[in-house]
Amino acid sequence: ILMWGHYCDQPSGLVIGFDKSSEIFRQGKGLQPVEYVKDRVVFDACWENGTPEMDSYNHKLIFSKSEAWCYEKEFRQFFWLSKLTPKPLDDGTVGRFLPLPAEAVVSVTLGPRCSLDFEKDVRELLLKPPFFPRVKLDRAVLNKDAFAIEFEPIELKS
């Protein structure tokens, strides 16, 4: 419940589940667990790019997070911006995107407060080519008695 509150547009968005064995998550150093730490990562302005100290700092900066967030059990992966696909955004700026193969997506979970129109849009997207062959669609539902979330499957059909 807490993570739905922090992320997913205040329970009206969605969560995408990925197959961590997909090739996309083996690029570079691959998917790595976040290290939850007590203290901030320290930077020394004397370090030069390419040195072991700077490389260690960069790694810690990307893969460290306050121990207050340890319940998330987060994984991260590093991709170089220069290797991502540039695409113009509506506001005139350029975004950088990583094309994900449809096979890497295994589930989509709609938030407890997502609208029926949003659900319809997600269904239509999942059924458009390239089809998402293994995707399981469900909706998170708040339990009526306990502080818990249950998941109700949604049938995907064209």
I24 CD1 to E103 CD distance, which is reported to the nearest 0.5 Å: 11.0 Å
What is the distance from atom NZ of K60 to atom CZ of R40, rounded to the nearest 0.5 Å? 16.0 Å
Shared ILVMFWY cluster between F118 and L126, side chains joined below 4.5 angstrom? yes
With a 4.5 Å limit on heavy-atom distance, are the side chains of I149 and N143 in contact? no
Any M3 side-chain heavy atom under 4.5 Å of V15 side chain: no
Rounding to 0.5 Å, atoms CG (L31) and CZ (R26) come to a distance of 11.0 Å
Could you tell me if the side chain of L137 sits less than 4.5 Å from the side chain of R123, heavy atoms only? yes
Going by chain and number, the hydrophobic cluster around W47 (ILVMFWY, side chain to side chain under 4.5 Å) further includes V41, F43, M54, Y57, L61
Nearest-0.5 Å distance that lies between atom CZ in F151 and atom CG in D138: 6.5 Å
With a 4.5 Å cut-off on side-chain heavy-atom distances among I, L, V, M, F, W and Y, is there a chain of contacts connecting F79 to L81? yes
Close side-chain approach of E72 to L2, heavy-atom, < 4.5 Å: no
Flag the pair E124 and K128 as a salt bridge only when some basic side-chain nitrogen lies within less than 4.0 angstrom of an acidic carboxylate oxygen. no
Can you tell me which residue pairs pass the ring pair (Phe, Tyr, Trp, His ring centres under 6.0 Å) test with a partner in residues 3-31, sequence neighbours excluded? H6-W69, F18-F25
Report yes if the side chains of V105 and L100 come closer than 4.5 Å at any heavy-atom pair, otherwise no. no
Decide yes or no for D44 and E53: does some side-chain heavy atom of the first lie under 4.5 Å from some side-chain heavy atom of the second? no
Check: T109 main-chain N/O paired with R139 side-chain donor or acceptor under 3.5 Å: no
Interatomic distance, C114 atom SG to D121 atom CG [nearest 0.5 angstrom]: 10.0 Å
Any heavy-atom pair between the side chains of T85 and P99 that's under 4.5 Å? yes
Is there a path of hydrophobic side-chain contacts, each under 4.5 Å between heavy atoms, that joins Y36 and F75? no
Given D91 and T93, is the side-chain hydrogen bond (donor to acceptor under 3.5 Å, both in side chains) satisfied, shown in steps? CA-CA 6 Å; D91 65 1; T93 61; 2.5 Å; yes
Which distance, rounded to the nearest 0.5 Å, do you find between the CZ of F97 and the NZ of K87? 7.5 Å
What's the shortest heavy-atom distance between E152 and V141, and which atoms? CD-CG2, 3.5 Å
Check for me, please, whether F63 and V37 land in the same ILVMFWY cluster - side-chain distances under 4.5 Å, paths through other members count. no
Which heavy atom in P112 sits nearest to a heavy atom in L142, and how many Å separate them? CB-CG, 4.2 Å
Is I16 reachable from L110 through a run of hydrophobic residues whose side-chain heavy atoms are each under 4.5 Å from the next? yes
Within the side chain of Q77, is there an N or O that forms a donor-acceptor pair under 3.5 Å with the backbone of Q27? yes
Side-chain heavy-atom pair R76, K65 within 4.5 angstrom cut-off: yes
